[in-house]
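Labels below follow one simple rule: chain letters A, B, ... track the order of the sequence lines, proteins then strands, and each chain is numbered from 1. Quick caveat: nothing in here was measured; it's all calculated off a predicted structure.
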There are 4 protein chains.
Amino acid sequence: MSLAESRTQQDCPVRGRPRSEAVERAIVEGVMKLIEDGVPLADLSIERIARTAGVGKATIYRRWNNKEDLFVDVMRATEPPDPELPGTSMREDLVVLLESLRRRGLASRSSAILHNVYAQMKSSPKIWAAYHATVIAPRRRLGLEVLRRGQLNGEVREDVDVELMNDILVGPMLVRSVLRPDAKLEEGLAEKIVDTVMEGLRPVSS
Amino acid sequence: MSLAESRTQQDCPVRGRPRSEAVERAIVEGVMKLIEDGVPLADLSIERIARTAGVGKATIYRRWNNKEDLFVDVMRATEPPDPELPGTSMREDLVVLLESLRRRGLASRSSAILHNVYAQMKSSPKIWAAYHATVIAPRRRLGLEVLRRGQLNGEVREDVDVELMNDILVGPMLVRSVLRPDAKLEEGLAEKIVDTVMEGLRPVSS
Amino acid sequence: MSLAESRTQQDCPVRGRPRSEAVERAIVEGVMKLIEDGVPLADLSIERIARTAGVGKATIYRRWNNKEDLFVDVMRATEPPDPELPGTSMREDLVVLLESLRRRGLASRSSAILHNVYAQMKSSPKIWAAYHATVIAPRRRLGLEVLRRGQLNGEVREDVDVELMNDILVGPMLVRSVLRPDAKLEEGLAEKIVDTVMEGLRPVSS
Amino acid sequence: MSLAESRTQQDCPVRGRPRSEAVERAIVEGVMKLIEDGVPLADLSIERIARTAGVGKATIYRRWNNKEDLFVDVMRATEPPDPELPGTSMREDLVVLLESLRRRGLASRSSAILHNVYAQMKSSPKIWAAYHATVIAPRRRLGLEVLRRGQLNGEVREDVDVELMNDILVGPMLVRSVLRPDAKLEEGLAEKIVDTVMEGLRPVSS
DNA sequence: GCATAAACGAGACGGTACGTCGCGTCTTAGA
DNA sequence: TCTAAGACGCGACGTACCGTCTCGTTTATGC
């Protein structure tokens, strides 16, 4: 199921009163407001969402089949755009990619919007898959392409699987931003990871 | 809160009928059985758990304040023990550590016991913290010590933060086993990661 | 609180789906059926009533605040109508009034519907008051009027409080039908009471 | 079941620790205290009684099979003794009997101890029967004897069933004291009832 | 402009689970 | 053997949401 299809669609020859976009916005923004106000995700019942948005329950169910589908749209509304790659060198591109991960990690921790929705999503495999397909996978593909270009340019070893290399580069950042809530994501971390990984841990043979 | 305190404790001078250990086992094993049978975690109500274990609801609430505290104990009961480090060399120790992560990833995926509980835990920060403190942190500390020893032995660079090095080594394995449900965890992956990270990605200057 | 208000009211400008009268009937009749089947009143939990009526618990709580309010409506549904007074003479009117009491006593004992609910109500003062106000008091007022008319007609002594006379007439019948479950309520009892009370217990001075 | 058997008996050759009478008193008096403090009877769980009396639940169950049996003993502890009949004349005896009913009615209304237990008992047929057999029936028998003596003495008509006469005399007082919580039980009511009933309601033929 | 048909708020409806409380039984340690 | 304490299986309590279903009302469009 693609993310785009998460909302229930109304088919072509529209008859009767059309769905109100204002209502749609009210719902999504209502959810955001509640999360921002510190309401635990577990307390976010459809009934409560409807109440806060001043909307009937059926109006929500008409658009999303379940709470998780709704959360996907909420998350999509707050997801930062893909980073622009400078293309000057592989190293620069990798730094930009990792820096975008770092920023998202910081954002998702400070704003609490993403932090909670993110956590919730991991517990529902179906939605996690959707999120993975539309948000994670494209960036991963981006990283793989950058590395493949680096192999052609001779900027990186050719005898190592690009997938492995990608995980070695991206892994540390993801672990810190997703799995370790208290980890520091200091400025310059992206460069530090890229350079350390490129150089290796073996002591410089002097 | 330490994991050991997740269960509600009865204090020292025990009065009245003591709590039955058999009941305790029945509950935890009942939960495992349900998860193994493919019951979605969201469908695991306290009521159902009590029903399967042939136990009153109050008996569960007497021991755990909420579902999550119960899951911590379930998880603890399935967590494999800490790996034994050979101590022959830093490289060997690192490989053993990563291999233990790989095995846990495989187990948690095949048995589905950990897979679900793990996912569920990530959505409840309090419990995640408890799990982190008792399961994640000790292993992390183990890794840091191994690396520090390596620095003293000259097996690894001294000018790099051991925390960063640890994340670079552990990150790829964790990303594959936790965040990417479909990733392959092929045999020999531990060695491959350790060696690649040690060597670095820079092309061999011939 | 009048009996009519025992049900929770929804106020005038009705919004949303209206309450189903069929459901209301199903509940009240379900309770009757259970009592008729000999279920002890103490075993009549709201949960069981809901189960028999094929109804959600909330649907019951939406209409009645507690079990007792529900019982008032059950009782009201089985209460026989006020008797028609012939008006030919005070004696005839009194006999009709007492006869109606006798019949109710027989009914409440045979059908067991009223008998149980009746007993239960006496233990809850609030509900007893409501029942008293709508069922007992009107009939009592009827009796008092009949006696007052009798005083004007010269059919009965003028130097005795009508309330006392009423209790002397009604008391024996009530005692037998309400307080003494095994008492006999033989045919002709009404006339016998009226005539005996009218005549007095003093031996006929011949 | 006679009232005397309401308490579970321990048979003759007593072995082991004997039951503490102090405990027995503590329980019964604890119940009275709770009722006097205005605790609704419905809130008087065995668990709460045990708590207030500082007693284990089993200790209560060892003595009474259920809550109602306990209430019978509580009631028995507050029941006033049978009245002494002067025997000077039937009228005097009847007045004394009714006066004792009047006083009990006043007591049970003012003290609230009996009032509640009384109401509760009526809702449980088994206990009501026990109460009836030990408290009501003896007094009734007393009244019937008095009337029979009156018939022999010529103080009362011989052509009327004594049971009927008794109900006509006792009925008004019972109705006012038991069934009508707000009725007045003024001084001198006993004499008034006896004299009015004896005289009859027929106007004095001048 | 007027009928049509879907959207909309409100809230009733049969369910399921919540977390608590009391039931009557049982199992301890201690008197 | 009794006692206080309290665990135990059970089941009802009254509440909250679930997702579905009427209601009366509103609002675009196509006839």
Side-chain angles (χ1 to χ4, degrees), chain A residues 10 13-20 22-24 43-51 53-63 65-67, chain B residues 10 13-20 22-24 43-51 53-63 65-67, chain C residues 10 13-20 22-24 42-51 53-63 65-67, chain D residues 10 14-20 22-23 42-51 53-63 65-67:
Chain A
Q10 46 184 339
V14 187
R15 304 249 276 146
R17 178 174 170 180
R19 291 195 188 157
S20 156
V23 162
E24 201 136 340
D43 295 2
L44 270 194
S45 57
I46 292 280
E47 210 128 37
R48 180 166 185 181
I49 293 171
R51 230 179 297 135
V55 142
K57 278 197 293 176
T59 303
I60 297 181
Y61 283 114
R62 214 172 280 126
R63 288 169 165 75
N65 288 324
N66 47 56
K67 199 158 31 179
Chain B
Q10 44 184 342
V14 187
R15 307 250 267 142
R17 177 172 171 180
R19 295 197 186 151
S20 158
V23 162
E24 200 137 341
D43 295 2
L44 267 195
S45 57
I46 293 281
E47 210 132 50
R48 181 166 185 180
I49 292 171
R51 231 178 296 136
V55 141
K57 275 197 292 177
T59 301
I60 297 181
Y61 284 114
R62 214 172 278 129
R63 287 169 165 74
N65 289 324
N66 45 58
K67 209 170 355 189
Chain C
Q10 45 184 342
V14 186
R15 309 249 265 141
R17 178 172 171 180
R19 295 197 185 150
S20 158
V23 162
E24 201 136 340
D43 295 3
L44 268 195
S45 58
I46 293 279
E47 211 132 51
R48 181 165 185 181
I49 293 171
R51 230 179 297 135
V55 141
K57 275 197 293 177
T59 302
I60 296 181
Y61 283 113
R62 215 172 277 130
R63 289 169 165 75
N65 289 324
N66 45 58
K67 212 174 345 191
Chain D
Q10 47 184 341
V14 188
R15 307 245 278 140
R17 176 171 171 180
R19 290 192 189 162
S20 156
V23 162
D43 295 2
L44 269 194
S45 56
I46 292 281
E47 211 127 35
R48 181 167 184 180
I49 292 171
R51 231 178 296 135
V55 141
K57 279 197 294 175
T59 304
I60 297 182
Y61 282 113
R62 214 170 280 128
R63 288 167 166 75
N65 288 324
N66 47 56
K67 199 161 29 179

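Atom pair A:N66:CG and F:dC17:P shows a separation of 18 Å (rounding to whole Å applied). Nucleotide F:dG24 holds its C1' atom 17 Å from the CZ atom of C:R19, rounded to whole Å. When rounded to the nearest whole Å, the span between CG of D:D43 and P of F:dA12 equals 19 Å. As rounded to whole Å, 14 Å separates atom C1' of F:dC8 from atom OH of D:Y61. At whole-Å resolution of the value, CZ in B:R15 and P in E:dT27 are 20 Å apart. The nearest whole Å value for the distance from the CZ atom in A:R62 to the P atom in F:dC21 is 13 Å. When the P atom of F:dC18 is taken as reference, atom CD1 of A:I46 falls 6 Å away, rounded to whole Å. The interatomic distance linking A:E24 (CD) with E:dA7 (C1') rounds to 12 Å, in whole Å.
Distances shown here put every side-chain N or O of B:S45 at or beyond 4.0 Å from the OP1 or OP2 atom of E:dT16. For D:R51 and F:dA5, the shortest distance from a side-chain N or O to OP1 or OP2 is not below 4.0 Å. Taking side-chain N and O atoms only, D:T59 has a distance below 4.0 Å to OP1 or OP2 of F:dA4.
Side chain B:K57 to base E:dG19: a donor-acceptor pair is found below 3.5 Å. The base of F:dC21 is paired with the side chain of C:R17 by a donor and an acceptor separated by under 3.5 Å.
Ranked by how close their nearest DNA chain E nucleotide is to the 5' end, B:E47 and C:A53 are led by C:A53. Nearest-nucleotide positions on DNA chain F for C:G16 and B:V55 put B:V55 closer to the 5' end.
B:I46 places a side-chain heavy atom less than 4.5 Å from the side chain of B:Y61. Residues C:R63 and C:V23 have side chains in contact (heavy-atom distance under 4.5 Å, counting atoms from C-beta outward).
Between B:E47 and B:K57, at least one side-chain N (NZ, or NE/NH1/NH2) sits under 4.0 Å from a carboxylate O, which counts as a salt bridge.
The nucleotide whose nearest atom lies closest to any side-chain atom of C:A58 is, among E:dG9, F:dT3, E:dG15, E:dG15.
As judged by a 4.0 angstrom heavy-atom cut-off over every strand, B:R48 is placed among residues making no nucleic acid contact.
The minimum heavy-atom distance between A:A50 and A:G56, with the atom names listed, is CB-C, 4.3 Å.
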